[in-house]
Amino acid sequence: MELWFGAVALGLAYAFLGMGVFITMRIYNFPDITADGSLTAGAAITAALLAHGWNPFITVAVATAGGFVAGLLTGLIHTKLKVNGLLAGILVMTALYSINLRIMGRANVPLIDIPTVITPFATLLGSDSAPYSAPILFFSLLVAAALFLLSFLFRTDFGLGMRATGDNETMIAAQGVSTDRMKIVGIGLSNALIAASGSLVAQYQSFADIGMGIGIVVFGLASVIIGETVAGLFPNGGGIGVRLLCVLLGTILFRELVALVLKLGLEPSDLKIATAFFVLLAIILPQSKFWIRRKG
């Protein structure tokens with residue numbers, strides 16, 4: 001039972017990754033590889049600050065700001081220097097590897113016995129509560145707030161401008177909107193969410209590792225695709241709020257699938273193969289005749 005509820009807690013922590021990837025992949029149709037570096041940056045900043053006695057809640061805010069800066073750099077390189085979006089993300093991600101190592105000082109930083117954002121909630125629930133109760137409670141509150149704020153943002157004039165930039169850049173530019181600014185802010189927001197996810201995951205798992213972000217964009221993409229498959233059950237795929245909520249569900253479902261793989265006895269080294277299979281399944285399922293018949 002602890003394995004399944006632990007997967008829920010981890011899925012909630014990774015929900016910010018899913019929301020960040022949703023912004024770049026679905027709002028902007030921008031293949032942003034910066035995520036691999038910004039998630040690790042969030043964990044690295046958090047680990048370094050916690051080791052120096054910083055308040056764990058402040059470390060999440062600082063890590064989020066660090067991810068926003070990383071996204072800004074990718075956006076600036078892409079828009080102002082006219083570098084291909086995929087290459088811009090790779091360049092920033094590559095630079096972040098060295099920066100993250102410099103921040104942590106070594107490849108792995110343990111956070112055992114260091115107070116984290118979960119500690120106050122664990123104290124509140126008491127020692128008799130299950131180990132996964134506190135993280136699920138805290139992460140649920142945090143994710144609910146993020147979903148509300150993002151849904152509100154995408155309904156404002158600025159948010160509609162972001163969405164219009166992804167849908168039809170030429171049309172929105174003709175309306176006098178700075179599409180470069182929309183892209184820079186959007187990519188920055190995406191990586192801010194991803195870095196926040198890295199911060200929460202590091203505090204939940206009690207360590208930060210230089211390799212924890214490798215291939216993480218595929219995990220985020222899998223969560224988005226699974227979420228969109230769920231959203232396909234709603235008329236016209238639902239509104240932006242429903243789509244974001246489905247991304248959250250997709251993240252949790254993906255973590256549960258990973259837990260199932262481990263339960264079946266596969267080695268952790270096989271998770272990448274399982275991830276590729278799950279992503280492929282999520283892509284082809286909405287196109288299958290059975291799914292189309294169910295939707296109809």
Side-chain angles (χ1 to χ4, degrees), residues 10 13-51 59-81 83-109 111 183-205 207-224 247 251 254 271-272 275-276 279:
L10 199 55
Y14 274 120
F16 293 90
L17 165 68
M19 288 184 277
V21 173
F22 174 82
I23 291 173
T24 51
M25 294 291 189
R26 290 296 181 254
I27 298 297
Y28 288 106
N29 194 27
F30 183 86
D32 186 20
I33 309 298
T34 316
D36 285 21
S38 57
L39 183 127
T40 307
I45 293 171
T46 297
L49 294 180
L50 287 178
T59 65
V60 177
V62 176
T64 302
F68 186 76
V69 172
L72 284 182
L73 290 175
T74 300
L76 287 169
I77 292 172
H78 170 57
T79 59
K80 302 304 181 183
L81 300 182
V83 176
N84 175 271
L86 183 62
L87 179 56
I90 292 174
L91 290 173
V92 175
M93 177 198 68
T94 304
L96 281 174
Y97 186 89
S98 297
I99 294 172
N100 293 335
L101 267 178
R102 178 76 64 170
I103 292 172
M104 291 194 294
R106 48 182 169 164
N108 186 286
V109 178
L111 300 174
K183 288 181 181 179
I184 293 170
V185 173
I187 298 170
L189 175 60
S190 168
N191 283 278
L193 291 168
I194 293 170
S197 183
S199 177
L200 296 175
V201 170
Q203 296 191 56
Y204 175 70
Q205 295 183 332
F207 74 90
D209 187 88
I210 192 63
M212 65 188 298
I214 296 176
I216 201 68
V217 69
V218 178
F219 174 19
L221 181 59
S223 302
V224 171
V247 169
T251 309
F254 183 81
L271 290 181
K272 295 296 183 183
T275 298
V279 173

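Note that the numbering runs from 1 along the sequence shown for the chain. As a basis for the values below, the full set of heavy atoms in this structure was taken, side chains included, without hydrogen atoms, waters or symmetry mates.
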Worksheet entry | Contact list for residues 13-30, test salt bridge (charged side-chain N to carboxylate O under 4.0 Å, His left out), sequence neighbours left out | Arg26-Glu228
Response to the item:
All heavy atoms of Ala195 vs all of Thr64, minimum pair found to be CB-CA, 4.4 Å
Response to the item:
Heavy atoms of Asp209 and Asn108 approach each other most closely as OD1-ND2, 3.0 Å
Discussion item. Between Leu87 and Leu91, does the side-chain contact (heavy atoms from CB on, under 4.5 Å) criterion hold? Intermediate values first, please.
Written reply: CA-CA 6 Å; Leu87 179 56; Leu91 290 173; 4.2 Å; yes
Discussion item. Measuring only between side-chain heavy atoms, which start at C-beta, is Leu72 closer than 4.5 Å to Ile184?
Written reply: yes
Item to complete: State, to 0.1 Å, how close Ala13 and Ser197 come at their nearest heavy-atom pair, and which atoms those are.
Response: O-OG, 2.8 Å
Fill in: Taking every non-hydrogen atom, the tightest pair across Ala35 and Ile194
CB-CD1, 3.6 Å
Response to the item:
Here the gap from Asn191 atom CG to Phe68 atom CZ, rounded to the nearest 0.5 Å, amounts to 10.0 Å
Worksheet item: Which residue pairs pass the side chain to side chain donor-acceptor pair (under 3.5 Å) test when at least one of the two sits in residues 71-81, sequence neighbours left out?
Response: Thr34-Thr74
Discussion item. Treating Thr59 as the side-chain partner and Leu50 as the backbone partner, does any N or O pair qualify as donor plus acceptor under 3.5 Å?
Written reply: no
Worksheet entry | Phe30 CZ to Ile23 CD1 distance, which is reported to the nearest 0.5 Å | 13.0 Å
Discussion item. Donor-acceptor check, side chain of Asp36 to backbone of Gly215, threshold 3.5 angstrom: yes or no?
Written reply: yes
Item to complete: Could you check Ile90, Leu96, Val92 and say which one makes a side chain to side chain contact (heavy atoms under 4.5 Å, CB included) with Thr94?
Response: Ile90
Worksheet, complete the sentence: When every non-hydrogen atom of Ala47 is compared with those of Ala208, the smallest separation belongs to CB-CB, 3.7 Å
Item to complete: Would you indicate whether Asn29, at its atom CG, is surrounded by more than 12 heavy atoms from other residues, nucleotides or ligands within a distance under 6.0 Å?
Response: no
Worksheet item: Between atom CG of Leu221 and atom CD1 of Ile216, what is the distance when rounded to the nearest 0.5 Å?
Response: 12.0 Å
Worksheet item: Rounded to the nearest 0.5 Å, what separation is found between the CG atom of Leu39 and the CZ atom of Phe16?
Response: 12.5 Å
Item to complete: Could you check if a side-chain atom of Ile45 sits within less than 4.5 angstrom of a side-chain atom of Ser199, using non-hydrogen atoms only?
Response: no
Worksheet item: Rounded to the nearest 0.5 Å, how far apart are CE of Met19 and OG of Ser223?
Response: 11.0 Å
Fill in: Flag side-chain contact, heavy atom, 4.5 Å: Gln205 against Leu10
yes
Practice prompt. Take Ile210 and Asn100 through the test side-chain contact (heavy atoms from CB on, under 4.5 Å) and record every step on the way to the result.
Written response: CA-CA 7 Å; Ile210 192 63; Asn100 293 335; 3.6 Å; yes
Discussion item. Holding to ring pair (Phe, Tyr, Trp, His ring centres under 6.0 Å), I want the full list of residues that pass it with Phe219, two or more places apart in sequence or in another chain.
Written reply: Tyr14, Phe254
Practice prompt. Can you see which heavy atom on Met212 is nearest to which on Val201, and at what distance?
Written response: CE-CG1, 3.9 Å
